[in-house]
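As a basis for the values below, the full set of heavy atoms in this structure was taken, side chains included, without hydrogen atoms, waters or symmetry mates.
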Amino acid sequence: MSVAILAVGVLTGPAHAAPAPGTEPGPGQGQDVTTAGWALKETGKTARFRGLSAVSRSTAWVAGSKGTVLRTLDGGRSWQDVSPPGAVAEELELRDIEAFDARRAVALSIGEGEASRVLRTEDGGATWTETFRNPDPRAFYDCLTFFDARHGLAMSDPVDGKFRILSTDDGGRHWRVLSGGMPDALPGEAGFAASGQCLVSAGPRDVWLATGGGASARVLHSADRGRTWRVAESTLPAGDPARGVFALAFRDRTRGLAVGGDYRPGQASPQAAAVSSDGGRTWRRATTPPPAYRSGAAWYPYSGGTALAVGPTGTDVTTDGGRSWRPLDAGSFDTVDCAADTGCWAAGEEGRVARLERH
């Protein structure tokens, strides 16, 4: 590859006075992301962070194993442990978190039956309220997404042969199961709670659901906030419980990316990325996909076709809308998210959190 893998955290220091915390120069609008790299931000934790929400370059939330939730307000220089006490006591697996700002966030814990829960905070994590506890032992919730500060959805693996959708219209205070409108699931088909990106939205009404584990890896799309769905086959590896689409990212209601593969270490993941230009109706293989399984993806703001994909063996970047990918970093991450001000963050195992910064 023509782009060298960048060393994590090796940055050129500014010649002038240090900027305010969290406002250090990043790749910036119009900047070539291939000249940037991940700068690790010490969290002091060993949790695996698969839930991540980038509010800005200065503010981000991460959620992970053993009920851990952290928040930074200064670009990762310091982290506040704002873990829900009950989640810590029960060692819940918090696999997704959606933050509206520095004070309001909604987190999802995964697992069978009552292990699947939704928690909400309005005071920066000082207090949390449990707003949903799954009463059905057959359900297993994987991901959640919000269209805006009021309307959101969560998804469960199939129950009675269909994926189950949970809906809120008051910012996550109350939830209800949507009925009807979901096509049949394939035998063995499920979602992957790997990065909080198996359910993603773009705009006020469009939402996509990623699947794996069945004979084909599929993408389901709803244009009415989850009431009705249509399904399309992706080009990603399938036919095994460990294979499928692990993450989706939609730039708008038409342009989307899918990444995944086979999550088992050492297993090949050919054709582990695909692109759609018609809202997920059809998918095309990436001509040069990432070299291995990838669990998270995010578009870079204000760029024509730049996006990032992360996984345990590294980060890749595309500048042509997902058709071809190049290595950017060799560090292990599970999830990635970019804020509107071009603040991009990644998180993963052993408490690893990083921000994309100019090399």
Side-chain angles (χ1 to χ4, degrees), residues 50 93 95-96 110-112 138-143 155-165 182-200 207-222 229-250 256-297 307 309-314 316 318 322-325 332-335:
R50 294 183 184 270
E93 285 286 333
R95 293 291 183 91
D96 200 355
I110 68 160
E112 296 178 348
R138 302 170 299 168
F140 185 118
Y141 285 84
D142 299 293
C143 294
M155 60 81 68
S156 163
D157 290 339
V159 177
D160 293 330
K162 298 178 186 292
F163 285 93
R164 177 169 288 181
I165 301 297
M182 179 66 71
D184 290 339
L186 300 175
E189 191 174 27
F192 291 109
S195 60
Q197 295 174 326
C198 58
L199 186 71
V200 301
V207 60
W208 295 263
L209 188 160
T211 84
S216 63
R218 307 196 298 174
V219 177
L220 285 69
H221 170 238
S222 171
W229 297 80
R230 65 166 183 267
V231 64
E233 291 192 10
S234 77
T235 62
L236 272 68
D240 187 277
R243 298 175 187 164
V245 181
F246 281 74
L248 297 168
F250 272 81
L257 303 170
V259 300
D262 190 321
Y263 72 78
R264 293 171 295 190
Q267 293 294 312
S269 291
Q271 304 298 336
V275 60
S276 176
S277 59
D278 57 9
R281 290 182 179 87
T282 60
W283 293 88
R284 303 182 306 280
R285 291 179 176 179
T287 55
T288 307
Y293 157 71
R294 295 293 179 255
S295 54
V310 301
T313 61
D316 302 284
T318 177
R323 291 185 292 277
S324 62
W325 295 84
S332 173
F333 294 104
D334 292 312
T335 186

Out of curiosity, [X] [atom1] to [Y] [atom2], how far, rounded to the nearest 0.5 Å?
X    : Y    : atom1 : atom2 : value
R164 : D157 : CZ    : CG    : 11.5 Å
Q197 : L248 : CD    : CG    : 8.5 Å
T335 : R50  : OG1   : CZ    : 9.5 Å
W283 : S276 : CH2   : OG    : 5.0 Å
R284 : S234 : CZ    : OG    : 13.0 Å

Considering all heavy atoms of both residues, which atom of [X] and which atom of [Y] are nearest to each other, and what is their separation?
X    : Y    : result
A215 : A238 : O-CB, 3.6 Å
S295 : S195 : O-OG, 2.6 Å
L257 : A307 : CD1-CB, 3.4 Å
A292 : T313 : CB-OG1, 3.5 Å
G191 : D142 : O-OD1, 3.7 Å
L236 : G261 : CD2-N, 4.3 Å

*asked:* T282: which residues meet the side chain to side chain contact (heavy atoms under 4.5 Å, CB included) condition with it, sequence neighbours left out?
replied: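 By the side chain to side chain contact (heavy atoms under 4.5 Å, CB included) rule, T282 matches D278.
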*Answer yes if the side chains of T211 and E189 hold a donor-acceptor pair under 3.5 Å, and no otherwise.*
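Per modelled atom types, T211 and E189 side chains form a pair under 3.5 Å.
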Taking the side chain as every heavy atom from C-beta outward, state whether [X] and [Y] have any pair of such atoms under 4.5 Å apart.
X    : Y    : value
D184 : K162 : yes
W325 : T318 : yes
S269 : R294 : no
I165 : L209 : yes

*Derivation and outcome, side-chain contact (heavy atoms from CB on, under 4.5 Å), residues F140 and I110*: CA-CA 7 Å; F140 185 118; I110 68 160; 3.9 Å; yes
*asked:* If the condition is salt bridge (charged side-chain N to carboxylate O under 4.0 Å, His left out), which residues does R138 pass it with, not counting sequence neighbours?
replied: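 Result, salt bridge (charged side-chain N to carboxylate O under 4.0 Å, His left out) vs R138: D136, D160.
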*Residues two or more places apart in sequence or in another chain: which of them pass ring pair (Phe, Tyr, Trp, His ring centres under 6.0 Å) with F163?*
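Counting only residues at least two positions away or on another chain, F163 forms no ring pair (Phe, Tyr, Trp, His ring centres under 6.0 Å).
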_Show, in sequence, the C-alpha distance, side-chain angles and deciding distance for Y141 and R95, and conclude whether the side-chain contact (heavy atoms from CB on, under 4.5 Å) test is met._
CA-CA 10 Å; Y141 285 84; R95 293 291 183 91; over 6 Å; no
*Neighbour count above 12 (heavy atom, 6.0 Å) for Q267 CD*: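 It does: Q267 CD has more than 12 such atoms within range.
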_Which label fits Y263 and F246: parallel for a plane angle under 30°, tilted from 30 to 60°, or perpendicular past 60°?_
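Y263 vs F246 ring planes: perpendicular.
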*Under the 3.5 angstrom rule, does the side chain of S324 hit a backbone N or O of T288 as a donor-acceptor pair?*
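Not confirmed, S324 side chain does not pair with T288 backbone.
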